[in-house]
Number of protein chains: 2
Amino acid sequence: MSDAKPRVIVVEDEPQIRRFVSDALRREGCTPIQAGTAQQGLDEVVAGKTDLVVLDLGLPDMSGIEFIRDLRTWSRVPILILSARSGEQDKIAALDTGADDYLAKPFGVGELLARVRALLRRHREDDDASPHHRFGDVEADLSRRIVSRAGQELHLTQIEYRLLAVMLANSSKVLTHRHLMQEVWGPGHGEQAHYLRIYVARLRQKLESDPTQPQHILTETGVGYRFQP
Amino acid sequence: MSDAKPRVIVVEDEPQIRRFVSDALRREGCTPIQAGTAQQGLDEVVAGKTDLVVLDLGLPDMSGIEFIRDLRTWSRVPILILSARSGEQDKIAALDTGADDYLAKPFGVGELLARVRALLRRHREDDDASPHHRFGDVEADLSRRIVSRAGQELHLTQIEYRLLAVMLANSSKVLTHRHLMQEVWGPGHGEQAHYLRIYVARLRQKLESDPTQPQHILTETGVGYRFQP
DNA sequence: CATCCAATGTAAAAATGGCGTAAACGCCGC
DNA sequence: GCGGCGTTTACGCCATTTTTACATTGGATG
């Protein structure tokens with residue numbers, strides 16, 4: 001296990017706070033990635049191995065709860081909430097949706113960093129607990145965003161990766177077209193199920209030993225797809 | 001999901017608060033174990049498989065920090081701190097010593113339970129057993145949309161599956177032609193009961209050991225069909 | 001008991017629409 | 001511009017559904 005700097009995504013629309021948090025994280029030894037919108041944030045989580053997401057609930061393009069729900073369908077990366085709202089119902093909603101910690105503004109930078117350290121410490125331990133899937137001659141390490149086949153590391157595009165991640169996170173469950181579309185392409189793309197066929201085909205091309213007779217990425221006609229380990 | 005109740009140790013010297021927290025946890029579906037001293041608390045963690053420790057920092061026989069340091073030398077069980085002290089240095093010290101979360105008094109019981117749920121969610125391994133029906137040598141897992149016979153997974157088309165699902169959901173009740181048609185084909189298809197015969201036949205072909213003498217998918221002449229487990 | 005007939009079961013064509021594949025297009029970063 | 005990637009368009013195949021046709025059951029009736 002290499003002790004590279006933890007990669008932390010800071011999702012916060014106010015540039016001032018975003019920079020303030022990022023600077024603190026950098027002093028802490030992390031590599032902060034700044035995202036001004038929820039969509040940017042999700043994209044950054046996909047873009048590389050992510051160790052922590054620091055999320056402001058007040059975003060312009062998506063509610064924080066939606067962000068958490070979306071992310072949680074395909075990733076277990078720790079989430080620390082920053083919020084101007086200190087009401088108990090807000091905290092409960094965020095934590096129950098999948099957040100790991102909730103810090104109300106105004107907060108001390110010392111406490112923020114201590115909570116960040118606690119989450120990173122936990123997550124590092126979880127790493128050993130096997131976040132990597134194996135099926136056929138394919139090995140997928142979702143937390144490091146590495147997929148390899150027969151020992152040979154292979155490249156997946158963002159959509160290919162997100163599609164695979166959603167399917168792995170729901171192994172052996174049937175996922176409807178609509179559900180997959182909304183998880184991978186975002187809300188509002190519930191209909192055009194044709195995209196799915198194209199990317200499922202590409203995944204099969206890259207992962208299945210015989211793409212014509214898929215063993216793991218199975219189609220449930222008229223319903224959706226299912227991943228079989 | 002019917003997993004065992006999480007075992008939670010409540011280490012708190014004031015009996016009133018201890019009982020208050022324990023009651024809340026019990027309502028939450030946990031099994032609280034009460035400990036009035038740090039030593040008792042450590043003993044209880046040793047005594048059985050523990051899912052969470054809720055710890056008050058103000059203990060008579062040992063400082064909370066020492067408790068955490070001691071526990072962390074041999075256990076990685078999640079620790080949630082309750083404390084009357086809300087100073088930032090106290091939080092930082094506890095979190096850095098090995099605690100996972102820190103809640104300052106006074107706290108809302110809703111937030112406490114939400115944070116407990118968040119920690120337990122992280123800790124437990126996924127053992128979500130889905131409700132599945134069984135009859136003869138057939139096994140049907142409706143939530144995963146998988147039906148198998150004699151251990152061999154078999155494929156059902158959409159109509160076959162929906163028909164089976166409706167019958168399973170109303171076991172041993174008589175379902176009229178009209179009712180089945182409307183459940184499977186949707187409103188407006190109440191009449192053409194002939195479709196039913198075709199698909200009932202296919203289900204029997206796939207599920208019954210002797211399709212000529214069905215044991216489970218029974219016909220109620222003139223009325224409809226009935227599923228017998 | 002034989003017969004009839006309506007309901008039910010079986011089998012096989014025909015039509016529908018979902019699915020997979022390929023290729024062209026457009027966008028954007030390098 | 002070039003290459004990678006997401007999007008769009010086009011098309012053939014085939015599973016599934018629907019239609020059609022025919023055999024069988026079983027109970028009522030005379």
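Each chain gets a letter, A, B and so on, in the order the sequences are listed, and its residues count up from 1. Since we're looking at a predicted model, the values are computed, not measured.
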Quiz item: Where do B/Ile68 and B/Ile79 land on the side chain to side chain contact (heavy atoms under 4.5 Å, CB included) test, with the steps shown first?
Solution: CA-CA 8 Å; B/Ile68 300 171; B/Ile79 303 176; 4.1 Å; yes
Show the numbers, then the answer: is there a side chain to side chain donor-acceptor pair (under 3.5 Å) between A/Thr97 and A/Arg69? CA-CA 6 Å; A/Thr97 307; A/Arg69 188 176 298 124; 4.8 Å; no
(Q) Regarding B/Thr50 and B/Arg7, do their side chains bring together a donor and an acceptor under 3.5 Å, going by distance alone? (A)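 Looking only at side-chain atoms, B/Arg7 and B/Thr50 do form a donor-acceptor pair, the distance falling under 3.5 Å.
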Axis-to-axis angle for the helix from C/dC1-D/dG30 to C/dC30-D/dG1, ends of five pairs each, to 10°, equals 20°
**Message:** How long is the straight-line distance from CE of A/Met167 back to CD of A/Glu183, given to the nearest 0.5 Å?
**Reply:**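 Between A/Glu183 CD and A/Met167 CE, I get 12.5 Å after rounding to 0.5 Å.
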Fill in: Aromatic plane relationship, A/Phe107 with A/Phe20 - under 30° parallel, 30 to 60° tilted, over 60° perpendicular
tilted
- Between P of D/dC5 and CG of A/Leu203, the distance in whole Å: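 Rounded to the whole Å, the gap is 13 Å.
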In whole angstroms, the gap separating P of C/dT8 from CZ of B/Arg226 amounts to 15 Å
Requested in this report: Inspect the contact between A/Arg72 and A/Asp100 and indicate whether a charged nitrogen and a carboxylate oxygen are less than 4.0 angstrom apart.
Outcome: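 Yes, A/Asp100 and A/Arg72 are salt-bridged.
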- Thinking salt bridges, do A/Arg115 and B/Asp101 make one under a 4.0 Å N-O criterion? yes
Review point. So, is A/Trp185 near the phosphate of D/dT7, with a side-chain N or O under 4.0 Å from OP1 or OP2?
Key: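 Result: yes.
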The side-chain contact (heavy atoms from CB on, under 4.5 Å) partners of A/Ser83 (sequence neighbours excluded) come to A/Leu57, A/Ile81, A/Arg85, A/Tyr102
* Can you name the side-chain hydrogen bond (donor to acceptor under 3.5 Å, both in side chains) partners of B/Gln228, sequence neighbours left out? ->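 With neighbours one apart ignored, the set is B/Arg226.
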With sugar-phosphate taken as primed atoms, P, OP1 and OP2 and all else as base, the protein-contact string of nucleotides 9-27 of chain C at under 4.0 Å (heavy atoms; B, S, -) is BB-------SBBB------
inquiry  = Can you pull out the residues from residues 152-167 of chain A that lie within a 4.0 Å heavy-atom distance of DNA chain D?
reply    =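 Contacting residues: A/His155, A/Thr157, A/Gln158, A/Ile159.
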By salt bridge (Lys or Arg N to Asp or Glu O under 4.0 Å), B/Arg178 pairs with (sequence neighbours left out) B/Glu191
